[in-house]
Amino acid sequence: MVEGKIFLKTPGETVYLALIRKVIAEIAKRVGFPEEEVARIEMAVDEACTNVIEHSYRTEDEMGTGYEWRREDEVDRPVELRVKINREKISISLTDRGRGFDPSQVEPDLEKYLASVSMGSLGIYVIKTFMDEVRYSHEPAAGNVLRMVKYFKT
Amino acid sequence: MVEGKIFLKTPGETVYLALIRKVIAEIAKRVGFPEEEVARIEMAVDEACTNVIEHSYRTEDEMGTGYEWRREDEVDRPVELRVKINREKISISLTDRGRGFDPSQVEPDLEKYLASVSMGSLGIYVIKTFMDEVRYSHEPAAGNVLRMVKYFKT
Amino acid sequence: MIGCEISTRTFDLGTRIVQVVDVSGFLDAHTSSQLENTLNSLVEAGDYNLILDLKGLDYINSASLGLLMGIAKRVRPQGGDIRLVNLSEKINKIISVLGFSKVLKLFDQTKEALTSFK
Amino acid sequence: MIGCEISTRTFDLGTRIVQVVDVSGFLDAHTSSQLENTLNSLVEAGDYNLILDLKGLDYINSASLGLLMGIAKRVRPQGGDIRLVNLSEKINKIISVLGFSKVLKLFDQTKEALTSFK
Ligand SMILES: Nc1ncnc2c1ncn2[C@@H]1O[C@H](COP(=O)(O)OP(=O)(O)O)[C@@H](O)[C@H]1O
Ligand SMILES: Nc1ncnc2c1ncn2[C@@H]1O[C@H](COP(=O)(O)OP(=O)(O)O)[C@@H](O)[C@H]1O
């Protein structure tokens, strides 16, 4: 597994997060990341997918009515993960077709967070802390793409 | 995970079989199959994917020269797994774009196999023994599709 | 086990009552509301001395860590606390690296955590 | 460990020499040629008394089972055999259900398998 591309697509539902973590952890382990790094990559991807499910795919309407899914739309809310491996790094692209969000708009500050009363915004902090590169783009055809990269040697 | 569709695509190389088994076992476990059945579904899918990699994607040429891959073609030799879950069963469709093969042409007979000197043809025996339904179809657009079904109660 | 299992044990230390919440499986966006409900019920019932026993926990997400810090903020002004025990190496490192161990008190064993409440 | 690890131990029973091959990890189309090479080398060197210790083996595919039956067919006419020990519940069931335990002899422990060669 020195070079290669893996594609995984699941419905945008939290019940699939455990499967997504398993897949990502398995790939990261097999390409040779130490256990510690595997756990971090796993968590970053879990947080990114959680955000897609809980924020990008949640309509204003749903947000007002207690975060309920519209089940009939489920099929249009896939979580798509593309994992690319080469000699120097693992690149994980997460694509969704929802509202989208550029995490570079958020500058997570743990000290401020800990001092504040509000919870939330920890997900992007985790993603940025654990991955070497995090880039967001929106393309009308592809949707929202969050690209996360981790190098083998840091 | 009562209803849903999962799609996994990897290069058609044996190094990805371990990942494929993990994904299938994880899904089968989560939808509620007992350990014993999880192991059987895992093995059936591993055997089916192995056949795609070792037979469907192997050219006559390669078969003559010691089973070597043409690396530059790798990208055109994907293993595609579609897993569909509903209340009564799990359906696993394996699609490839290689030579293809209808396993109903083979009637595996373990007694005969054990008596014979030749090895091989155990894979289809495993798939047919462990899955409730096995159906092959070839569609010019989709490629070769092997559909394997397992019911929750047998 | 699929998902997450949560149960509560009560310890009467004479001076204080401590609730030990055992969590196993994983805490992600699919399961964390279970923990949220359990902890909220305890706090609402006036239980401010809490130990979270994470033996058997494979994964914890940021929202769950945020939840624990939120609980800490609620019970500390009442003289209580929430303390974590039996963390796997994996989860221990995650919490430390993210800097949450500055806020959440971690102990190796339930005994130690119980004693710390006396 | 990633893939499959194979090593060999030699037991001199006085009357016979038995080679114990330890296999851990998984035996699938990616790794089974390793086992094939090891077993072929042993048989070619005249080692017909073989024990396969599968403690630590997670998965075995049909080609590997076919390989083991092929080895059994080669060594039995020489008065030898290949015997399997320390199978996990999972692999034990797979082998039994597929009917391969009719051909391959399974033992619980290495000791028993060694004794059976005397
Ligand atoms: N993929 C996304 N799509 C839409 N909005 C998002 C996305 N990711 C994050 N956000 C927005 O950014 C905020 C901060 O995200 P995050 O750091 O993960 O914390 P939390 O999810 O706990 O609120 C979210 O509350 C949400 O408004
Ligand atoms: N997906 C496939 N594509 C092409 N040929 C196949 C495929 N699956 C099986 N075959 C053919 O059927 C034969 C029997 O397959 P199988 O029972 O898996 O045994 P083995 O792979 O050990 O030969 C193979 O040798 C091959 O010729």
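In what follows, every chain begins at residue 1, and chains take the letters A, B, ... in the order their sequences are listed.
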For the [atom1] atom of [X] and the [atom2] atom of [Y], what is their distance to the nearest 0.5 Å?
| X | Y | atom1 | atom2 | answer |
| --- | --- | --- | --- | --- |
| B:Tyr16 | A:Lys5 | OH | NZ | 11.0 Å |
| A:Lys9 | B:Lys9 | NZ | NZ | 11.0 Å |
| A:Lys22 | B:Lys29 | NZ | NZ | 4.5 Å |
| A:Arg30 | B:Leu19 | CZ | CG | 8.0 Å |

Decide if atom CD of B:Glu35 counts as having more than 12 heavy atoms of other residues, nucleotides or ligands within a radius under 6.0 Å. no
Does atom NZ of B:Lys84 have more than 12 heavy-atom neighbours from other groups under 6.0 Å away? no
Ring pair (Phe, Tyr, Trp, His ring centres under 6.0 Å) with B:Tyr125: which residues, sequence neighbours excluded? none
Applying side chain to side chain contact (heavy atoms under 4.5 Å, CB included), name anything that partners A:Ser137, two or more places apart in sequence or on another chain. A:Glu139, A:Val145
Is any side-chain heavy atom of A:Leu8 less than 4.5 Å from a side-chain heavy atom of B:Phe7?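 No, every pair of side-chain atoms sits at 4.5 Å or beyond.
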Looking at A:Pro11 and B:Gly4, what are the two nearest heavy atoms and their distance? CG-CA, 4.3 Å
